[in-house]
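None of these values were measured; they are calculated from a predicted model.
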Amino acid sequence: MNRSAQHTLRGRAKSALAALLCALPLAGGVTPLAAAVRVITGPTPIPGGGARAAGDLTVVNDRLAFALAVESPVPYGVPRGALVDLAPVSAGVIQRDRVVFADFIPDNWSAWPNTYHRVEVLERGPQRVRIRSVRDFGQATVSTEYLLEDGSDQIGITTVLTNNGATALKDLLSGLTLWPGSGYRLNVPGYAALTDGAAPAPLARRMTAYDSDWSITLHAPYFDHIGSGSRDLLLRHTLAPHASRTFQGWLQVGTRGDLAPVVAAQIAHEHLPAGTVHGTVTDRDGHPLAQPVLVVEKNGSTWAWTLGDSSGYRLTLPQGDYQLYATGRGYSRSAARRVSVHADSREQLDFGALQSAGRIDFQVVDAQSARPLDARIAIVGGDVPAVGFLGGSVFFTDLVHRGQLDTALAPGHYEFSVSHGGGFLGPEARVSATVTPGGTQTLRVTLHLLFDPAARHWYSADLHHHADQAEAVTPPADLARSQLAAGLDVLTVSDHDSTVNHAPLARIAAARGVAFLPGIEISPSWGHFNAWAIRQGEPLTIDPGTATAAQIIAEARRMGAAVVQVNHPFIPFGYFTSVAAGVAPGGFVPGFDLVEINATAPADDTRVLQWLWRAWNEGHPYYLSAGTDTHDVWNDLSGRVRVYAHVGQAPDAQSYAAALKAGHAYVSFGPLIYPSVPFGGRLRVARGAPFALDFEFQSVPGLKEVQLVGNAGVLQTRQFAGQPQRARTHFSLSTGSSCWYALVVSDTAGHKAYTNPIWVDTITP
C-alpha cells in the first residue's frame with residue numbers, strides 16, 4: 001500500500017471516528033470535537049453531574065459543558081428545566097461538575113407555585129446551540145434561553161419574565177443565580193461581606209466561584225441587590241399587568257483559578273477602555289516565583305487577580321486606579337503598588353523580596369487537667385490570603401492527634417484566637433507568634449474551661465449542619481473537627497436531600513467515643529424539614545420538588561425519623577411563610593415535632609417563640625430546635641446556637657432524639673441553664689397552692705437577666721447584679737389553672753437562651 005492510499009484510509013478512519021463521537025454520549029476522558037458545539041440527550045457525561053434522566057440535555061464545546069434537568073429533579077425543589085451541572089473542558093476532557101444549580105429566580109428564591117415546564121432545543125450546532133426553557137410562576141411566565149457558541153467560554157443567558165395577570169407583581173427580587181458546589185467565592189467586589197441587601201454601586205457586576213484548577217463567573221449587569229452571599233444577583237422591580245422584563249447575563253468557565261479572562265470578558269461586555277500591567281515577581285534571593293499571584297484591589301476591596309509563571313505576569317485592566325501586590329502559595333505578600341490605567345497604556349510593575357513559608361506546631365490543652373483539647377484556631381491579626389487556595393484563616397486541630405495542628409504560614413507576625421467550646425464552656429485564648437522563613441516553632445496554648453454541662457447530663461448538638469453535599473463545602477472529617485472544637489457532645493449532619501455522609505461521620509464518632517445523630521434536610525422550594533435519628537444511610541425516595549407537606553413528613557417517618565423539625569420557618573421560603581401565603585402544597589400539616597431557631601435568621605427568633613407560645617397556650621407539645629445552618633466551617637461557626645438536651649446517661653441517637661421530642665431541652669446562643677423541674681416535664685400542684693421553680697445559670701461573659709414567661713407573656717424579669725458568671729434564681733408561684741412556664745435568659749454579650757416549657761397541671765383538692 002502506498003503512502004497516498006494509507007493517508008486516504010487514515011483520513012476516512014478519522015472521519016468515521018469523528019462521526020462516532022458525534023453519535024455517542026461523551027464520557028469523562030473522551031475528547032470533544034475541536035470545532036463543534038452540540039447537544040447530548042440522556043444522562044449527562046459530566047462527572048458528578050445531577051442530570052441523570054433519559055430526557056435531560058447536555059451541551060458541550062471544547063471549553064465547557066453544561067446540563068439542564070429536563071426530567072431529573074432539581075435541588076431545593078427548584079422547577080425542572082434548570083441548569084444543574086456546569087464544568088470546564090480541559091484538553092478534551094470534561095472535568096467535574098462544579099455547581100449545584102444556576103438558574104433564574106423570579107422572586108427572592110422561591111419559584112413556587114409552579115405547574116409546568118417546557119424545554120425546546122432551538123439550534124443543535126455545530127456552530128452554536130440554543131435551548132429555551134419555559135415555566136410558570138403563579139400568574140407569570142419565565143422564559144430562559146441558553147446560548148453556547150463554538151469555541152466560547154461563556155454561556156449567554158437571556159430570561160424574559162412576563163406578568164400574564166391582571167394585577168401588578170410588586171417589589172419582586174428577580175435575577176440569575178450561581179450556587180457552586182465546591183471551592184471558594186469572590187463575592188461581588190465592594191460588597192464582599194453583604195449577605196442580603198441593596199448593592200447600588202458594585203465595583204464589578206459579577207461574582208466568581210473558583211479553586212486553583214477552575215473558575216465559574218456569573219456576569220449580571222442588571223442587578224441592584226445581592227442575595228445568599230452573592231449567589232443571587234437580583235433586581236428589585238415591579239411588573240405591571242401584561243408587562244415583561246428582560247434579564248441578560250453570562251456564565252463564564254475557566255480551567256484555572258485565574259481571573260484575567262474574567263476581567264477581559266467584563267471589558268468586552270461593557271465596552272470599557274483598558275490598558276495592560278505586566279512585570280516580574282521574585283523572592284528575597286532574586287529568584288522568580290514559579291507560580292506568582294498578582295492581586296488587584298480597588299477602593300480597598302479585592303477586585304481580581306491573575307496567575308503568572310516564572311517569566312512574570314500580564315493583566316489587562318479597565319481604565320481606573322488600582323492597588324496591586326504579589327504573593328504566592330506559602331509566600332508573604334509584597335509591598336503594594338498603586339497604578340493608574342488608561343486606554344491603551346502599558347505599565348511595568350515588578351515585585352520582589354517575597355519570603356517563603358515557616359511552620360507553627362500548635363498544642364492545645366486544658367489548663368487544669370493538661371489533657372489535649374479539640375480547638376478552633378483563627379487568624380485575627382496578620383496576613384490572610386485574599387485568594388482562597390493560597391491558604392486559610394481558620395484551622396482545626398487533628399482528629400487523631402487531639403489538640404495538635406501543624407501548619408505552614410507565610411512569614412510575618414500573627415495573632416490567633418484559640419477556643420474550645422465556642423464561648424459556651426470557657427473563654428478563648430489570644431496568642432501571638434512571628435513566623436520566620438523556613439522556621440518551625442511550637443506554640444503551646446492552655447485554655448481555661450469554666451463549665452461542664454455534660455457532667456450534669458446536658459448534652460449539646462447543632463441541629464442544622466451541612467457537610468459537602470449540594471452547595472455545602474465541608475468534608476465530613478472537617479465537619480467533625482469543627483463540631484468537636486465547638487465542644488458539641490453529639491455529632492450531626494443534615495445535608496440537603498442526601499445521606500451519603502452518614503457512614504464517614506459514624507466512623508469518626510465511633511473512633512472518638514461520641515454519639516452520632518444521623519439526619520437529612522428534605523428541601524422543597526417552599527420549606528425545609530430536618531429528619532433526625534433516621535436509619536443510617538437511608539436514601540430519600542420522594543422528589544421534594546413535587547411532594548406535598550404530608551408526603552414529606554411521611555417520608556421522614558419512613559426513613560426512621562424519631563423527630564421532624566421545621567427549619568427556618570419564617571424566612572421567605574420557610575414552611576410557615578409558605579403556608580400563610582397559600583403556596584405550601586397540602587397546606588399546614590401538624591405532624592412535625594420541633595420548630596427551629598436558626599442562627600442565619602436572628603430577626604425571626606421572636607416570631608418562632610411567639611408561634612410556640614401560642615401552641616403551648618393551646619396545650620400542643622411542639623418544642624424548640626436550633627441550628628447554625630453551617631455550610632462552610634471556615635467561614636461559619638459550628639454550634640453558634642445549639643440545643644442542650646438532658647439525657648440520663650451518655651446519649652446515643654435514639655435517646656437524644658427522644659429527649660428532644662419530649663422537650664427535655666433548651667436552645668442557647670451562650671447562657672447555660674439547669675432547671676429543678678425538667679423542661680418538657682409536668683408538675684402537679686394543688687389549685688392556688690404555692691410552689692417553686694428553681695434554676696441555676698452559667699455564662700462565660702456574665703449573666704444579665706432572666707425573664708419568666710407563661711401563658712400571658714412575660715410574667716417576671718430578674719436582673720443579675722454584678723454580671724456574675726454563675727447565679728441561681730428562685731421563683732415562688734401559684735396558679736388557679738393549668739399553665740406552663742419557660743425562660744428567656746440574656747448574658748452581658750447580648751446572647752440569649754430560650755427554654756421549652758415546664759407544664760403545670762392544677763389539681764382541685
Residues, nucleotides or ligands: over 12 heavy atoms within 6.0 Å of H620 NE2: yes
No-hydrogen, no-angle side-chain donor-acceptor test under 3.5 Å, N501 and D468: yes
V514 side chain reached by V490 side chain, heavy atoms, under 4.5 Å: no
Side chains of E596 and H464, donor plus acceptor under 3.5 Å: yes
Any donor-acceptor N or O pair under 3.5 Å, side chains S419, E428: no
Derivation and outcome, salt bridge (Lys or Arg N to Asp or Glu O under 4.0 Å), residues E696 and R726: CA-CA 8 Å; E696 181 182 346; R726 295 176 173 85; 5.9 Å; no
W634-F395 aromatic ring centre distance below 6.0 Å: no
Check ion pair E471-R231 (N to O, under 4.0 angstrom): no
Identified ring pair (Phe, Tyr, Trp, His ring centres under 6.0 Å) counterpart of W611 within the set W616, F576, F570: F576
Side-chain donor-acceptor pair present, D232, S228, cut-off under 3.5 Å: yes
Aromatic ring proximity F362/F416, centre distance under 6.0 Å: yes
Over 12 foreign heavy atoms within 6.0 Å of CZ, R728: no
By ring-ring contact (aromatic ring centres under 6.0 Å, His included) - contacts of H465 (at least two apart): none
Ring pair (Phe, Tyr, Trp, His ring centres under 6.0 Å) partner of F592, the single match among Y622, W532, Y623: Y622
Distance (rounded to the nearest 0.5 Å) between H631 NE2 and T600 OG1: 9.0 Å
Check: R98/S182 side-chain N/O donor and acceptor closer than 3.5 Å: yes
Smallest separation among heavy atoms of A599 and V641, with atom names: CB-CG1, 3.7 Å
All pairs passing salt bridge (Lys or Arg N to Asp or Glu O under 4.0 Å) where residues 394-410 contributes a residue, at least two apart: R359-D406
Listed once per pair and sorted, the side chain to side chain donor-acceptor pair (under 3.5 Å) pairs that draw on residues 662-674, sequence neighbours left out: Y674-Q698
Validation row: Y575, H568 side chains within 4.5 angstrom (heavy atoms): no
Residue pair D489, R456: steps toward the salt bridge (Lys or Arg N to Asp or Glu O under 4.0 Å) verdict: CA-CA 13 Å; D489 304 295; R456 301 170 71 167; over 6 Å; no
Pairs meeting criterion salt bridge (Lys or Arg N to Asp or Glu O under 4.0 Å) with involvement of residues 636-653, two or more places apart: none
Validation row: V435, I360 side chains within 4.5 angstrom (heavy atoms): yes
Side-chain touch V706/V744, heavy atoms, less than 4.5 angstrom: no
Side-chain heavy-atom pair L373, L449 within 4.5 angstrom cut-off: yes
Parallel, tilted or perpendicular, as decided by the 30° and 60° cut-offs, for the rings of H646 and H457: perpendicular
Residue pair N567 / E521, side-chain donor-acceptor N/O under 3.5 Å: yes
With D543 via side-chain hydrogen bond (donor to acceptor under 3.5 Å, both in side chains) - residues at least two apart: R80
Donor-acceptor side-chain pairing of E555 and T541 below 3.5 angstrom: yes
D361/Q441 under side-chain contact (heavy atoms from CB on, under 4.5 Å): CA gap, chis, key distance, verdict: CA-CA 6 Å; D361 178 15; Q441 60 182 297; over 6 Å; no
is_close_aromatic(F573, W109), centroid dist under 6.0 Å: yes
Sequence-distant partners of F451, ring-ring contact (aromatic ring centres under 6.0 Å, His included), two or more places apart: none
Criterion side-chain contact (heavy atoms from CB on, under 4.5 Å) on I216 and L86, from CA distance to verdict: CA-CA 9 Å; I216 298 175; L86 181 57; 3.7 Å; yes
Centroid-centroid distance, W759 to Y741, less than 6.0 Å: no
Mutual orientation of the aromatic rings belonging to Y184 and Y210 [parallel < 30°, tilted 30-60°, perpendicular > 60°]: tilted
H496 and H466 aromatic ring geometry - parallel, tilted or perpendicular at 30°/60° bounds: parallel
Backbone N/O of A742 and side chain of Y754: donor-acceptor pair under 3.5 Å: no
Aromatic plane relationship, W526 with F529 - under 30° parallel, 30 to 60° tilted, over 60° perpendicular: perpendicular
